[in-house]
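I have placed the structure first, in the form of structure tokens, so that the comments after it can refer back to it.
Both ligands and their constituent atoms are indexed starting at 1 by order of listing. Note: hydrogens, waters and symmetry copies are ignored here, and every other heavy atom, side chains too, is used.
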Amino acid sequence: MQLKLIDSYNRQMGSMRVSITDRCNFRCVYCMPEEGLDWFDSKKLLTFDEIERIVRIVVRMGVKEIRLTGGEPLVRKGVANLIRRLSQIEGLEDLSLTTNGFLLKELAGDLAAAGLKRINVSLDSLVKEKFFKLTRRNALHKVMEGLEELEKYPQIRPIKVNVVAMRGFTEDEIIDFARLARRKPYIIRFIEFMPLEADRIWKKEDVLTGKEILEKINTTYMKLVPMGGEDPSSTSKNYQFEDGIGQIGFINPVSEPFCSTCNRIRMTADGMFRTCLFSQVETDLRTPLRNGCSDEELEQILLKAVKGKELKHHINDSSFKRTTRTMSQIGG
Ligand code: SAM
Ligand code: SF4
């Protein structure tokens with residue numbers, strides 16, 4: 001009988017984030033240090049063959065969605081080839097990618113042709129100077145051009161724009177993002193800032209909650225109406241403007257954790273399997289992969305790891321312990 005990736009709280013794993021590189025062409029303050037982060041040894045990076053093999057196995061075990069991430073996934077050479085290979089896997093219903101958008105203008109066509117179905121583009125400010133302050137790169141125009149390029153490829157829909165919301169930084173742009181959601185075919189999603197950054201700047205007070213943003217849009221701009229019908233495992237609460245034009249989502253992992261229905265697992269670029277963003281333990285898949293393990297043995301390793309999946313994260317507890325990896329080394 002085919003084993004399924006069901007954890008000890010009876011959650012069937014449905015979605016896997018696959019990081020394909022720890023490298024990045026940005027240095028976002030909430031993620032990477034300005035300099036000094038050591039890259040993984042290239043020999044440790046999983047090859048496309050190894051990634052494809054693991055994806056085939058987890059799909060057999062019930063995973064329906066794969067999201068490629070990083071670091072910045074578009075800096076990995078041949079990413080469109082990997083997408084082409086993964087898009088042919090039977091049983092895989094959804095293949096998506098999270099990117100900072102810098103290389104999208106050049107690569108959007110290749111990604112669409114390779115079979116990419118959905119995309120998330122990170123964009124935290126619409127103001128050049130603020131964008132630079134946050135990403136430490138002068139690249140707002142490149143990301144905006146990348147988004148425009150995506151509009152030419154209806155195969156890749158929806159286009160979601162992820163905005164990490166930080167107190168003292170995001171407030172004065174909330175309405176501009178709301179306007180963007182109405183003007184362009186982009187779903188804007190505000191994500192609460194989480195303690196996963198290399199520089200350890202996170203403070204609970206800096207988390208601008210989804211509820212605060214929703215209230216600001218409702219009271220000062222236009223009423224948002226819940227869309228409902230989300231998948232129970234969805235991380236995002238989705239709204240549309242009362243006239244039906246424009247969608248906004250809220251991902252509130254700090255103020256309203258969604259752990260009880262979490263069906264996500266992760267694989268880092270160096271082949272470590274993680275059952276939570278905040279996991280203190282990870283399971284090595286690279287060594288068994290390279291030591292000639294059979295698919296059945298890999299299934300057992302994955303199942304054992306999933307049985308140990310955390311019930312919830314502890315960001316809000318005084319006992320909270322950070323992971324030793326930054327977001328860029330895990331894959332967000
Ligand atoms: N480089 C790509 C990008 O930025 O979209 C993919 C990797 S990035 C780690 C994935 C997502 O994690 C991005 O949307 C980013 O904004 C988000 N992220 C990174 N650090 C975060 C943090 N400390 N709290 C909340 N979200 C974070
Ligand atoms: Fe790079 Fe994405 Fe991290 Fe920004 S959030 S530094 S773009 S990996």
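Closest non-hydrogen pair, V161 versus Y186, comes out as CG2-CB, 3.8 Å. When all heavy atoms are compared, the tightest approach of S87 to A114 is OG-O, 3.2 Å.
A donor-acceptor pair under 3.5 Å is formed between the side chain of K309 and the backbone N or O of R264. Looking at R167, its side chain does come within 3.5 Å of a backbone N or O of E205 through a donor-acceptor pair. E171 places a side-chain N or O within 3.5 Å of a backbone atom of F169 that can act as its donor or acceptor partner.
A continuous path of hydrophobic side-chain contacts links F26 to L126 [ILVMFWY only; heavy atoms under 4.5 Å].
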When you pair each N or O of ligand 1 with protein N or O atoms, which pairs come out under 3.5 Å?
residue	atom	partner	partner atom	Å
ligand 1	1 (N)	G71	O	2.9
ligand 1	1 (N)	E72	OE1	3.1
ligand 1	4 (O)	S122	OG	3.4
ligand 1	5 (O)	T99	O	3.2
ligand 1	5 (O)	S122	OG	2.5
ligand 1	14 (O)	S122	OG	2.8
ligand 1	16 (O)	Y30	OH	3.0
ligand 1	20 (N)	Y30	O	3.4
ligand 1	23 (N)	Y30	O	2.9
ligand 1	23 (N)	M194	O	2.8
ligand 1	24 (N)	M194	N	2.9

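Proximity of P158 to I187: side-chain heavy atoms (C-beta onward) are separated by under 4.5 Å at one or more points.
Ordered by chain and number, C31 SG make up the set of protein N, O or S atoms under 2.8 Å of atom 3 (Fe) of ligand 2.
There is a side-chain donor-acceptor pair under 3.5 Å between S279 and E310. Side chain to side chain, D49 and T47 fail the donor-acceptor criterion of an N or O pair below 3.5 Å.
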